[in-house]
Protein chains: 2
Amino acid sequence: MTATAPRPPEASGPRAQTSFRTIKTEILRRIRDRIWQPGELIPGEEELAREFGCARVTVNRALRELAQIGIVERKRRAGTRIAEHPLREARLEIPVVRVEVEALGAQYRFAVLSRETLAAPEAMRARLDLSGDVRMLHLRCLHFADNRPWQFEDRWINLAAVPDIEPETFETISPNEWLVKNAPFSEMEIALSATAATTEEAELLGIAKGDPLFVFERTTWLLDQPLTHVRMLHRPDYRMVSRF
Amino acid sequence: MTATAPRPPEASGPRAQTSFRTIKTEILRRIRDRIWQPGELIPGEEELAREFGCARVTVNRALRELAQIGIVERKRRAGTRIAEHPLREARLEIPVVRVEVEALGAQYRFAVLSRETLAAPEAMRARLDLSGDVRMLHLRCLHFADNRPWQFEDRWINLAAVPDIEPETFETISPNEWLVKNAPFSEMEIALSATAATTEEAELLGIAKGDPLFVFERTTWLLDQPLTHVRMLHRPDYRMVSRF
DNA sequence: AATTACGATATGTATGTACATAATTGTCAA
DNA sequence: TTGACAATTATGTACATACATATCGTAATT
(Lines give C-alpha, C1' and ligand atoms only; values in the text may rest on other atoms or scores of the structure.)
Protein backbone atom coordinates (compact mmCIF):
# COMPACT_ATOMS: atom_id res chain seq x y z
CA MET A 1 0.00 0.00 0.00
CA THR A 2 1.39 3.32 -0.97
CA ALA A 3 1.31 6.38 1.18
CA THR A 4 -0.75 8.56 -1.08
CA ALA A 5 -4.16 7.29 -1.92
CA PRO A 6 -4.82 7.32 -5.64
CA ARG A 7 -6.35 10.66 -6.52
CA PRO A 8 -9.99 10.41 -7.51
CA PRO A 9 -10.07 10.57 -11.27
CA GLU A 10 -11.22 14.05 -12.16
CA ALA A 11 -14.01 14.06 -14.67
CA SER A 12 -12.15 16.12 -17.21
CA GLY A 13 -9.08 18.23 -17.78
CA PRO A 14 -5.52 17.30 -17.05
CA ARG A 15 -5.79 17.73 -13.29
CA ALA A 16 -7.75 19.64 -10.76
CA GLN A 17 -4.97 20.08 -8.25
CA THR A 18 -5.24 22.94 -5.90
CA SER A 19 -2.14 24.93 -6.51
CA PHE A 20 -0.63 27.02 -3.77
CA ARG A 21 -0.72 29.79 -6.34
CA THR A 22 -4.48 29.58 -6.55
CA ILE A 23 -4.68 29.92 -2.82
CA LYS A 24 -2.30 32.86 -2.73
CA THR A 25 -4.36 34.65 -5.31
CA GLU A 26 -7.62 33.89 -3.58
CA ILE A 27 -6.29 35.22 -0.31
CA LEU A 28 -5.05 38.37 -1.97
CA ARG A 29 -8.45 38.74 -3.56
CA ARG A 30 -10.15 38.53 -0.20
CA ILE A 31 -7.85 41.20 1.12
CA ARG A 32 -8.47 43.39 -1.89
CA ASP A 33 -12.21 42.94 -1.57
CA ARG A 34 -12.05 43.78 2.12
CA ILE A 35 -13.42 40.39 3.07
CA TRP A 36 -10.44 40.15 5.36
CA GLN A 37 -9.37 43.50 6.80
CA PRO A 38 -5.89 44.50 7.92
CA GLY A 39 -5.25 43.19 11.39
CA GLU A 40 -7.86 40.51 11.11
CA LEU A 41 -7.23 36.92 12.11
CA ILE A 42 -7.92 34.55 9.26
CA PRO A 43 -8.91 30.88 9.54
CA GLY A 44 -6.24 28.34 10.38
CA GLU A 45 -4.41 26.25 7.83
CA GLU A 46 -6.47 23.22 8.62
CA GLU A 47 -9.74 25.00 8.00
CA LEU A 48 -8.52 26.67 4.83
CA ALA A 49 -7.27 23.34 3.56
CA ARG A 50 -10.72 21.92 4.11
CA GLU A 51 -12.29 24.87 2.35
CA PHE A 52 -9.99 24.71 -0.63
CA GLY A 53 -10.07 20.95 -0.70
CA CYS A 54 -6.33 20.50 -0.50
CA ALA A 55 -3.63 19.41 1.88
CA ARG A 56 -2.64 21.60 4.77
CA VAL A 57 0.91 21.76 3.44
CA THR A 58 -0.37 23.45 0.34
CA VAL A 59 -2.11 26.15 2.34
CA ASN A 60 1.03 26.41 4.42
CA ARG A 61 3.15 27.17 1.42
CA ALA A 62 0.73 29.80 0.15
CA LEU A 63 0.62 31.53 3.52
CA ARG A 64 4.34 31.21 4.04
CA GLU A 65 5.04 33.00 0.80
CA LEU A 66 2.52 35.69 1.59
CA ALA A 67 4.21 36.18 4.93
CA GLN A 68 7.55 36.44 3.18
CA ILE A 69 6.39 39.48 1.22
CA GLY A 70 4.76 40.98 4.25
CA ILE A 71 1.11 40.54 3.35
CA VAL A 72 0.26 38.44 6.37
CA GLU A 73 1.88 37.85 9.72
CA ARG A 74 2.06 34.44 11.25
CA LYS A 75 2.73 33.19 14.73
CA ARG A 76 2.55 29.72 16.05
CA ARG A 77 -0.41 29.01 18.18
CA ALA A 78 -1.68 32.54 17.52
CA GLY A 79 -2.59 32.00 13.89
CA THR A 80 -2.32 34.12 10.78
CA ARG A 81 -3.50 37.66 10.42
CA ILE A 82 -3.55 40.23 7.66
CA ALA A 83 -0.63 42.57 8.21
CA GLU A 84 -1.65 45.82 9.83
CA HIS A 85 1.25 47.83 8.49
CA PRO A 86 2.60 46.12 5.44
CA LEU A 87 5.85 47.94 6.12
CA ARG A 88 7.99 46.54 3.48
CA GLU A 89 11.42 46.77 2.16
CA ALA A 90 12.29 47.19 -1.44
CA ARG A 91 14.92 44.93 -2.81
CA LEU A 92 17.12 46.87 -5.12
CA GLU A 93 19.16 44.78 -7.46
CA ILE A 94 22.70 45.92 -7.91
CA PRO A 95 23.75 44.83 -11.34
CA VAL A 96 27.13 44.67 -12.94
CA VAL A 97 27.27 47.56 -15.41
CA ARG A 98 27.99 45.34 -18.35
CA VAL A 99 25.03 43.12 -17.62
CA GLU A 100 22.81 46.11 -17.12
CA VAL A 101 23.80 47.58 -20.46
CA GLU A 102 23.59 44.33 -22.33
CA ALA A 103 20.16 43.66 -20.86
CA LEU A 104 19.02 46.71 -22.78
CA GLY A 105 20.26 45.18 -25.99
CA ALA A 106 23.06 47.71 -26.24
CA GLN A 107 26.69 47.05 -26.86
CA TYR A 108 28.90 47.45 -23.85
CA ARG A 109 32.33 49.01 -23.80
CA PHE A 110 34.42 50.61 -21.13
CA ALA A 111 37.52 52.72 -20.93
CA VAL A 112 39.93 53.27 -18.09
CA LEU A 113 40.50 57.01 -17.97
CA SER A 114 43.11 57.03 -15.29
CA ARG A 115 44.85 54.72 -12.93
CA GLU A 116 47.17 55.54 -10.10
CA THR A 117 48.49 54.01 -6.94
CA LEU A 118 48.83 56.37 -4.06
CA ALA A 119 48.48 56.86 -0.35
CA ALA A 120 44.87 57.20 0.67
CA PRO A 121 43.85 60.84 0.84
CA GLU A 122 42.39 62.04 4.06
CA ALA A 123 38.79 62.12 2.78
CA MET A 124 38.93 58.51 1.71
CA ARG A 125 40.58 57.41 4.93
CA ALA A 126 37.78 59.04 6.85
CA ARG A 127 35.10 57.49 4.73
CA LEU A 128 36.53 54.02 5.01
CA ASP A 129 37.60 54.21 8.63
CA LEU A 130 41.19 53.71 7.66
CA SER A 131 44.07 55.01 9.65
CA GLY A 132 47.75 55.33 8.98
CA ASP A 133 49.44 54.90 5.64
CA VAL A 134 47.27 52.96 3.29
CA ARG A 135 48.07 52.45 -0.34
CA MET A 136 45.11 52.64 -2.62
CA LEU A 137 44.41 52.14 -6.26
CA HIS A 138 42.45 54.98 -7.76
CA LEU A 139 40.62 54.22 -10.98
CA ARG A 140 38.42 56.36 -13.14
CA CYS A 141 36.40 54.58 -15.82
CA LEU A 142 33.81 55.47 -18.35
CA HIS A 143 31.22 52.90 -19.38
CA PHE A 144 29.45 53.08 -22.70
CA ALA A 145 26.21 51.70 -24.08
CA ASP A 146 26.38 51.64 -27.87
CA ASN A 147 29.25 54.09 -27.69
CA ARG A 148 27.17 56.56 -25.75
CA PRO A 149 28.49 57.44 -22.31
CA TRP A 150 26.47 55.53 -19.75
CA GLN A 151 28.24 55.75 -16.43
CA PHE A 152 31.25 57.47 -14.99
CA GLU A 153 32.91 55.45 -12.27
CA ASP A 154 35.33 56.81 -9.72
CA ARG A 155 36.74 53.99 -7.65
CA TRP A 156 39.14 53.64 -4.76
CA ILE A 157 40.49 50.23 -3.87
CA ASN A 158 42.22 49.31 -0.65
CA LEU A 159 45.33 47.48 -1.86
CA ALA A 160 45.99 45.97 1.53
CA ALA A 161 42.70 44.14 1.28
CA VAL A 162 42.81 43.29 -2.40
CA PRO A 163 46.49 42.92 -3.32
CA ASP A 164 45.81 40.70 -6.32
CA ILE A 165 44.29 43.57 -8.19
CA GLU A 166 47.49 45.62 -8.42
CA PRO A 167 48.96 43.91 -11.50
CA GLU A 168 45.63 43.76 -13.30
CA THR A 169 45.51 45.89 -16.44
CA PHE A 170 41.75 45.89 -16.99
CA GLU A 171 42.12 45.43 -20.70
CA THR A 172 39.42 42.82 -21.00
CA ILE A 173 37.62 42.95 -17.71
CA SER A 174 36.38 46.01 -15.90
CA PRO A 175 37.38 46.73 -12.31
CA ASN A 176 33.75 46.25 -11.41
CA GLU A 177 33.62 42.71 -12.68
CA TRP A 178 37.08 41.86 -11.49
CA LEU A 179 36.03 42.73 -7.98
CA VAL A 180 32.73 40.92 -8.21
CA LYS A 181 34.57 37.78 -9.22
CA ASN A 182 37.57 38.03 -6.97
CA ALA A 183 36.68 40.03 -3.93
CA PRO A 184 33.72 38.79 -2.00
CA PHE A 185 32.43 41.18 0.60
CA SER A 186 30.31 40.77 3.63
CA GLU A 187 29.09 44.26 4.22
CA MET A 188 28.02 47.03 1.97
CA GLU A 189 26.74 50.53 2.25
CA ILE A 190 25.00 52.25 -0.58
CA ALA A 191 23.95 55.84 -0.91
CA LEU A 192 21.76 57.31 -3.59
CA SER A 193 21.53 60.96 -4.37
CA ALA A 194 21.43 63.61 -7.05
CA THR A 195 24.06 66.16 -7.88
CA ALA A 196 24.92 68.73 -10.51
CA ALA A 197 27.51 67.81 -13.11
CA THR A 198 30.87 69.50 -12.86
CA THR A 199 32.50 70.71 -16.04
CA GLU A 200 34.61 67.61 -16.29
CA GLU A 201 31.78 65.21 -15.52
CA ALA A 202 29.54 66.91 -18.02
CA GLU A 203 32.16 66.60 -20.69
CA LEU A 204 32.74 62.93 -20.01
CA LEU A 205 29.07 62.07 -20.02
CA GLY A 206 28.23 64.26 -22.97
CA ILE A 207 25.84 66.54 -21.15
CA ALA A 208 25.88 70.15 -20.01
CA LYS A 209 27.54 71.48 -16.92
CA GLY A 210 25.08 71.67 -14.05
CA ASP A 211 22.81 68.97 -15.47
CA PRO A 212 21.43 66.69 -12.81
CA LEU A 213 23.30 63.45 -12.27
CA PHE A 214 22.11 60.35 -10.51
CA VAL A 215 24.73 59.30 -8.00
CA PHE A 216 25.16 55.79 -6.74
CA GLU A 217 27.87 55.29 -4.15
CA ARG A 218 28.87 51.97 -2.73
CA THR A 219 31.37 50.98 -0.11
CA THR A 220 32.14 47.38 0.65
CA TRP A 221 33.89 45.56 3.47
CA LEU A 222 35.01 42.05 4.12
CA LEU A 223 34.50 41.65 7.80
CA ASP A 224 35.94 44.86 9.17
CA GLN A 225 38.33 45.49 6.34
CA PRO A 226 37.27 48.09 3.82
CA LEU A 227 37.68 46.89 0.25
CA THR A 228 36.52 49.56 -2.09
CA HIS A 229 34.54 52.73 -2.42
CA VAL A 230 32.99 53.63 -5.72
CA ARG A 231 31.00 56.61 -6.90
CA MET A 232 29.01 56.07 -10.06
CA LEU A 233 27.47 58.92 -11.98
CA HIS A 234 24.68 58.48 -14.46
CA ARG A 235 23.20 60.73 -17.11
CA PRO A 236 19.95 62.46 -16.21
CA ASP A 237 17.91 60.09 -18.35
CA TYR A 238 19.01 57.10 -16.31
CA ARG A 239 16.44 55.35 -14.15
CA MET A 240 17.22 52.62 -11.72
CA VAL A 241 14.17 50.41 -11.69
CA SER A 242 13.23 47.46 -9.57
CA ARG A 243 9.97 45.58 -9.56
CA PHE A 244 8.73 42.78 -7.41
CA MET B 1 2.63 0.23 7.39
CA THR B 2 2.90 3.98 7.44
CA ALA B 3 4.38 6.04 4.70
CA THR B 4 7.34 7.33 6.64
CA ALA B 5 9.68 4.77 7.96
CA PRO B 6 10.50 5.28 11.61
CA ARG B 7 13.56 7.44 11.86
CA PRO B 8 16.62 5.61 13.11
CA PRO B 9 17.00 6.59 16.75
CA GLU B 10 19.79 9.13 16.89
CA ALA B 11 22.30 8.43 19.54
CA SER B 12 21.83 11.73 21.33
CA GLY B 13 20.33 15.16 21.04
CA PRO B 14 16.75 15.99 20.42
CA ARG B 15 16.82 15.18 16.76
CA ALA B 16 19.21 15.08 13.89
CA GLN B 17 16.80 16.21 11.23
CA THR B 18 18.31 17.70 8.20
CA SER B 19 16.85 21.12 8.11
CA PHE B 20 16.54 22.94 4.85
CA ARG B 21 18.27 25.76 6.72
CA THR B 22 21.32 23.61 7.27
CA ILE B 23 21.44 22.89 3.59
CA LYS B 24 21.03 26.52 2.65
CA THR B 25 23.87 27.46 4.95
CA GLU B 26 26.11 24.72 3.68
CA ILE B 27 25.52 25.73 0.09
CA LEU B 28 26.26 29.35 0.90
CA ARG B 29 29.43 28.22 2.60
CA ARG B 30 30.52 26.32 -0.47
CA ILE B 31 29.95 29.37 -2.58
CA ARG B 32 31.82 31.59 -0.18
CA ASP B 33 34.73 29.18 -0.01
CA ARG B 34 34.85 29.00 -3.80
CA ILE B 35 34.12 25.28 -3.75
CA TRP B 36 31.38 26.06 -6.20
CA GLN B 37 32.28 28.93 -8.51
CA PRO B 38 29.90 31.39 -10.07
CA GLY B 39 28.33 29.91 -13.17
CA GLU B 40 29.06 26.39 -12.08
CA LEU B 41 26.48 23.65 -12.29
CA ILE B 42 25.94 22.03 -8.93
CA PRO B 43 24.74 18.49 -8.29
CA GLY B 44 21.08 17.70 -8.75
CA GLU B 45 18.57 17.58 -5.94
CA GLU B 46 18.62 13.83 -5.88
CA GLU B 47 22.35 13.66 -5.41
CA LEU B 48 22.43 16.40 -2.80
CA ALA B 49 19.64 14.68 -0.93
CA ARG B 50 21.75 11.55 -0.87
CA GLU B 51 24.78 13.52 0.29
CA PHE B 52 22.92 15.33 3.06
CA GLY B 53 20.96 12.27 3.96
CA CYS B 54 17.59 13.86 3.57
CA ALA B 55 14.58 13.87 1.30
CA ARG B 56 14.76 15.48 -2.10
CA VAL B 57 11.94 17.83 -1.14
CA THR B 58 14.09 19.23 1.62
CA VAL B 59 16.91 20.02 -0.78
CA ASN B 60 14.31 21.44 -3.10
CA ARG B 61 13.12 23.89 -0.52
CA ALA B 62 16.63 25.02 0.31
CA LEU B 63 17.49 25.55 -3.34
CA ARG B 64 14.18 27.20 -4.09
CA GLU B 65 14.73 29.76 -1.39
CA LEU B 66 18.28 30.40 -2.55
CA ALA B 67 16.95 30.92 -6.05
CA GLN B 68 14.41 33.36 -4.70
CA ILE B 69 17.12 35.63 -3.39
CA GLY B 70 19.19 35.27 -6.50
CA ILE B 71 22.02 33.13 -5.19
CA VAL B 72 21.43 30.28 -7.61
CA GLU B 73 19.57 29.95 -10.88
CA ARG B 74 17.43 26.96 -11.62
CA LYS B 75 15.98 25.56 -14.81
CA ARG B 76 14.12 22.36 -15.30
CA ARG B 77 16.06 19.69 -16.98
CA ALA B 78 19.11 21.96 -17.02
CA GLY B 79 19.78 21.85 -13.31
CA THR B 80 20.91 24.40 -10.77
CA ARG B 81 23.89 26.68 -11.13
CA ILE B 82 25.52 29.31 -8.99
CA ALA B 83 24.48 32.74 -10.19
CA GLU B 84 27.17 34.24 -12.37
CA HIS B 85 26.78 37.72 -11.02
CA PRO B 86 25.86 37.45 -7.41
CA LEU B 87 23.75 40.54 -7.79
CA ARG B 88 23.91 41.63 -4.27
CA GLU B 89 20.65 43.22 -3.59
CA ALA B 90 20.30 46.22 -1.44
CA ARG B 91 17.38 46.24 0.85
CA LEU B 92 15.89 49.68 0.98
CA GLU B 93 13.40 50.17 3.69
CA ILE B 94 10.36 51.89 2.40
CA PRO B 95 10.23 54.69 4.87
CA VAL B 96 7.20 56.58 5.96
CA VAL B 97 8.32 60.17 5.53
CA ARG B 98 7.35 61.12 9.01
CA VAL B 99 9.41 58.35 10.52
CA GLU B 100 12.35 59.21 8.31
CA VAL B 101 12.28 62.83 9.38
CA GLU B 102 11.76 62.09 13.04
CA ALA B 103 14.62 59.63 12.97
CA LEU B 104 16.85 62.59 12.24
CA GLY B 105 15.61 64.29 15.35
CA ALA B 106 13.74 66.86 13.32
CA GLN B 107 10.18 67.95 13.73
CA TYR B 108 7.85 66.65 11.08
CA ARG B 109 5.03 68.53 9.44
CA PHE B 110 3.22 68.19 6.17
CA ALA B 111 0.87 70.24 4.08
CA VAL B 112 -1.56 69.19 1.40
CA LEU B 113 -1.00 71.64 -1.41
CA SER B 114 -3.78 70.47 -3.65
CA ARG B 115 -6.35 67.75 -3.84
CA GLU B 116 -8.64 66.89 -6.71
CA THR B 117 -10.68 64.02 -7.95
CA LEU B 118 -10.64 63.54 -11.68
CA ALA B 119 -10.58 61.07 -14.49
CA ALA B 120 -7.17 59.52 -14.92
CA PRO B 121 -5.13 61.43 -17.47
CA GLU B 122 -3.74 59.45 -20.34
CA ALA B 123 -0.19 59.42 -19.02
CA MET B 124 -1.25 57.93 -15.72
CA ARG B 125 -3.51 55.39 -17.38
CA ALA B 126 -0.60 54.27 -19.47
CA ARG B 127 1.72 54.03 -16.54
CA LEU B 128 -0.69 52.02 -14.45
CA ASP B 129 -2.07 49.86 -17.24
CA LEU B 130 -5.52 51.27 -16.72
CA SER B 131 -8.09 51.48 -19.42
CA GLY B 132 -11.43 53.19 -19.70
CA ASP B 133 -12.75 55.80 -17.34
CA VAL B 134 -10.99 55.64 -14.04
CA ARG B 135 -11.48 58.15 -11.29
CA MET B 136 -8.37 59.09 -9.45
CA LEU B 137 -7.45 61.19 -6.50
CA HIS B 138 -4.58 63.52 -7.20
CA LEU B 139 -2.71 64.85 -4.21
CA ARG B 140 0.25 67.14 -3.93
CA CYS B 141 1.93 67.38 -0.57
CA LEU B 142 4.93 69.04 0.90
CA HIS B 143 6.74 67.47 3.81
CA PHE B 144 8.87 69.49 6.18
CA ALA B 145 11.69 68.73 8.56
CA ASP B 146 11.95 71.45 11.16
CA ASN B 147 9.92 73.69 8.87
CA ARG B 148 12.41 73.26 6.08
CA PRO B 149 11.00 71.67 2.91
CA TRP B 150 12.08 68.07 2.83
CA GLN B 151 10.10 66.28 0.18
CA PHE B 152 7.58 67.17 -2.45
CA GLU B 153 5.10 64.38 -3.09
CA ASP B 154 2.91 64.08 -6.15
CA ARG B 155 0.52 61.19 -5.74
CA TRP B 156 -2.18 59.56 -7.83
CA ILE B 157 -4.57 57.13 -6.20
CA ASN B 158 -6.87 54.73 -8.01
CA LEU B 159 -10.21 55.32 -6.32
CA ALA B 160 -11.68 52.13 -7.67
CA ALA B 161 -9.07 50.21 -5.73
CA VAL B 162 -9.01 52.35 -2.61
CA PRO B 163 -12.51 53.82 -2.27
CA ASP B 164 -12.22 54.40 1.46
CA ILE B 165 -9.70 57.14 0.94
CA GLU B 166 -12.07 59.50 -0.82
CA PRO B 167 -13.66 61.06 2.27
CA GLU B 168 -10.33 61.31 4.10
CA THR B 169 -9.26 64.88 4.75
CA PHE B 170 -5.61 64.22 5.69
CA GLU B 171 -5.70 66.72 8.47
CA THR B 172 -3.92 64.53 10.95
CA ILE B 173 -2.52 61.71 8.86
CA SER B 174 -0.60 61.99 5.62
CA PRO B 175 -1.73 60.15 2.50
CA ASN B 176 1.47 58.18 2.77
CA GLU B 177 0.64 56.82 6.19
CA TRP B 178 -3.02 56.38 5.42
CA LEU B 179 -2.16 54.12 2.55
CA VAL B 180 0.43 52.19 4.46
CA LYS B 181 -2.18 51.43 7.10
CA ASN B 182 -5.16 50.77 4.91
CA ALA B 183 -4.05 49.57 1.54
CA PRO B 184 -1.89 46.48 1.48
CA PHE B 185 -0.22 45.73 -1.81
CA SER B 186 1.32 42.70 -3.33
CA GLU B 187 3.47 44.20 -6.03
CA MET B 188 5.58 47.28 -6.23
CA GLU B 189 7.82 49.00 -8.67
CA ILE B 190 10.31 51.62 -7.66
CA ALA B 191 12.38 53.86 -9.85
CA LEU B 192 15.21 56.13 -8.80
CA SER B 193 16.57 58.95 -10.88
CA ALA B 194 17.74 62.52 -10.94
CA THR B 195 16.07 65.48 -12.56
CA ALA B 196 16.32 69.25 -12.74
CA ALA B 197 13.91 71.28 -10.65
CA THR B 198 11.20 73.13 -12.50
CA THR B 199 10.39 76.65 -11.43
CA GLU B 200 7.51 75.47 -9.29
CA GLU B 201 9.39 72.59 -7.72
CA ALA B 202 12.32 74.85 -6.95
CA GLU B 203 10.06 77.32 -5.25
CA LEU B 204 8.35 74.67 -3.17
CA LEU B 205 11.58 73.10 -2.05
CA GLY B 206 13.36 76.37 -1.50
CA ILE B 207 16.08 75.82 -4.03
CA ALA B 208 16.98 77.28 -7.41
CA LYS B 209 15.41 76.34 -10.71
CA GLY B 210 17.47 73.69 -12.48
CA ASP B 211 18.99 72.39 -9.27
CA PRO B 212 19.33 68.62 -9.25
CA LEU B 213 16.56 66.72 -7.52
CA PHE B 214 16.59 63.16 -6.32
CA VAL B 215 13.49 61.39 -7.61
CA PHE B 216 11.91 58.38 -5.98
CA GLU B 217 8.91 56.96 -7.78
CA ARG B 218 6.81 54.11 -6.53
CA THR B 219 3.85 52.30 -7.99
CA THR B 220 1.95 49.63 -6.11
CA TRP B 221 -0.57 46.98 -7.07
CA LEU B 222 -2.77 44.51 -5.26
CA LEU B 223 -3.04 41.56 -7.56
CA ASP B 224 -3.39 43.19 -10.94
CA GLN B 225 -5.14 46.24 -9.67
CA PRO B 226 -3.05 49.38 -9.54
CA LEU B 227 -3.37 51.24 -6.28
CA THR B 228 -1.21 54.29 -6.38
CA HIS B 229 1.65 55.98 -8.11
CA VAL B 230 3.75 58.49 -6.26
CA ARG B 231 6.64 60.68 -7.29
CA MET B 232 8.74 62.06 -4.48
CA LEU B 233 11.25 64.81 -5.02
CA HIS B 234 14.08 65.56 -2.64
CA ARG B 235 16.44 68.47 -2.27
CA PRO B 236 19.94 67.99 -3.68
CA ASP B 237 21.44 67.47 -0.25
CA TYR B 238 19.28 64.41 0.38
CA ARG B 239 21.00 61.03 0.49
CA MET B 240 19.20 57.75 0.69
CA VAL B 241 21.46 55.41 2.58
CA SER B 242 21.28 51.73 3.29
CA ARG B 243 23.79 49.55 4.99
CA PHE B 244 23.82 45.82 5.56
C1' DA C 1 -1.82 37.52 43.95
C1' DA C 2 2.06 36.11 41.59
C1' DT C 3 4.49 32.34 39.61
C1' DT C 4 5.05 28.08 37.54
C1' DA C 5 3.70 24.02 35.09
C1' DC C 6 1.26 22.02 31.73
C1' DG C 7 -1.85 20.95 28.11
C1' DA C 8 -3.94 22.57 23.91
C1' DT C 9 -3.24 24.47 19.53
C1' DA C 10 -1.57 26.63 15.25
C1' DT C 11 2.18 26.91 12.61
C1' DG C 12 6.81 24.79 11.06
C1' DT C 13 9.11 21.23 8.70
C1' DA C 14 10.84 16.41 7.35
C1' DT C 15 9.64 12.35 4.64
C1' DG C 16 8.06 9.05 0.90
C1' DT C 17 5.48 9.09 -2.94
C1' DA C 18 3.35 10.40 -7.26
C1' DC C 19 2.83 12.99 -11.03
C1' DA C 20 3.47 17.59 -13.81
C1' DT C 21 6.19 20.37 -16.69
C1' DA C 22 9.92 22.48 -19.03
C1' DA C 23 13.90 21.93 -21.55
C1' DT C 24 17.46 19.31 -23.60
C1' DT C 25 19.01 15.52 -26.27
C1' DG C 26 18.60 11.99 -29.46
C1' DT C 27 16.29 9.94 -33.47
C1' DC C 28 14.45 9.65 -37.72
C1' DA C 29 12.63 11.32 -41.85
C1' DA C 30 12.15 14.85 -45.48
C1' DT D 1 21.27 19.77 -43.19
C1' DT D 2 17.24 20.58 -41.03
C1' DG D 3 12.95 20.07 -38.98
C1' DA D 4 9.67 17.37 -36.32
C1' DC D 5 8.96 14.53 -32.71
C1' DA D 6 9.81 11.43 -29.00
C1' DA D 7 12.54 10.10 -25.05
C1' DT D 8 14.92 11.67 -21.15
C1' DT D 9 15.76 14.19 -17.17
C1' DA D 10 15.93 17.75 -13.53
C1' DT D 11 13.09 20.64 -11.32
C1' DG D 12 8.22 21.84 -9.67
C1' DT D 13 4.48 20.75 -6.83
C1' DA D 14 0.58 18.07 -4.50
C1' DC D 15 -0.50 14.95 -0.84
C1' DA D 16 -0.78 12.11 3.58
C1' DT D 17 1.57 11.70 7.50
C1' DA D 18 4.38 12.43 11.54
C1' DC D 19 6.49 14.99 14.60
C1' DA D 20 8.67 19.68 16.23
C1' DT D 21 8.09 23.98 18.39
C1' DA D 22 6.37 28.22 19.94
C1' DT D 23 2.92 30.29 22.53
C1' DC D 24 -1.38 31.05 24.75
C1' DG D 25 -4.64 29.99 28.29
C1' DT D 26 -5.45 27.72 32.39
C1' DA D 27 -4.78 25.13 36.34
C1' DA D 28 -1.77 24.03 40.06
C1' DT D 29 1.52 25.81 43.24
C1' DT D 30 4.00 29.08 45.96
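On a predicted model such as this, the values are computed, not experimentally measured, just so you know. Below, chains carry the letters A, B, ... as their sequence lines are ordered, and counting in each starts from 1.
Within the 4.5 Å cutoff, side-chain heavy atoms of A/Pro149 are placed close to those of A/Phe144. Here the side chains of B/Glu189 and B/Trp221 are in contact, with some heavy-atom distance below 4.5 Å. In this structure, the side chains of A/Val59 and A/Glu51 stay at 4.5 Å or more apart for every pair of heavy atoms.
Contact between the side-chain N/O atoms of B/Ser19 and the OP1/OP2 oxygens of C/dT13 is not found at any separation under 4.0 Å. Residue A/Asn60 places no side-chain N or O under 4.0 Å from the OP1 or OP2 atom of C/dT11. Contact between the side-chain N/O atoms of A/Thr80 and the OP1/OP2 oxygens of C/dA10 is not found at any separation under 4.0 Å. A close approach under 4.0 Å does occur between a side-chain nitrogen or oxygen of B/Lys75 and OP1 or OP2 of C/dT24. For C/dT15, the OP1/OP2 oxygens have a side-chain nitrogen or oxygen of B/Thr58 closer than 4.0 Å.
In this structure, A/Ala78 and B/Ile42 both approach DNA chain D, and ranking their closest nucleotides by distance from the 5' end singles out B/Ile42.
If you check D/dT11, D/dA14, D/dA16 against the side chain of A/Val57, the one that comes closest is D/dA16. Across C/dA14, C/dT21, C/dT11, the shortest atom-to-atom separation from the side chain of B/Arg76 is found for C/dT21.
No donor-acceptor contact under 3.5 angstrom links the side chains of B/Trp156 and B/Asn158, judged on distance only.
At the heavy-atom level, B/Arg56 lies under 4.0 Å from base atoms of the strands shown.
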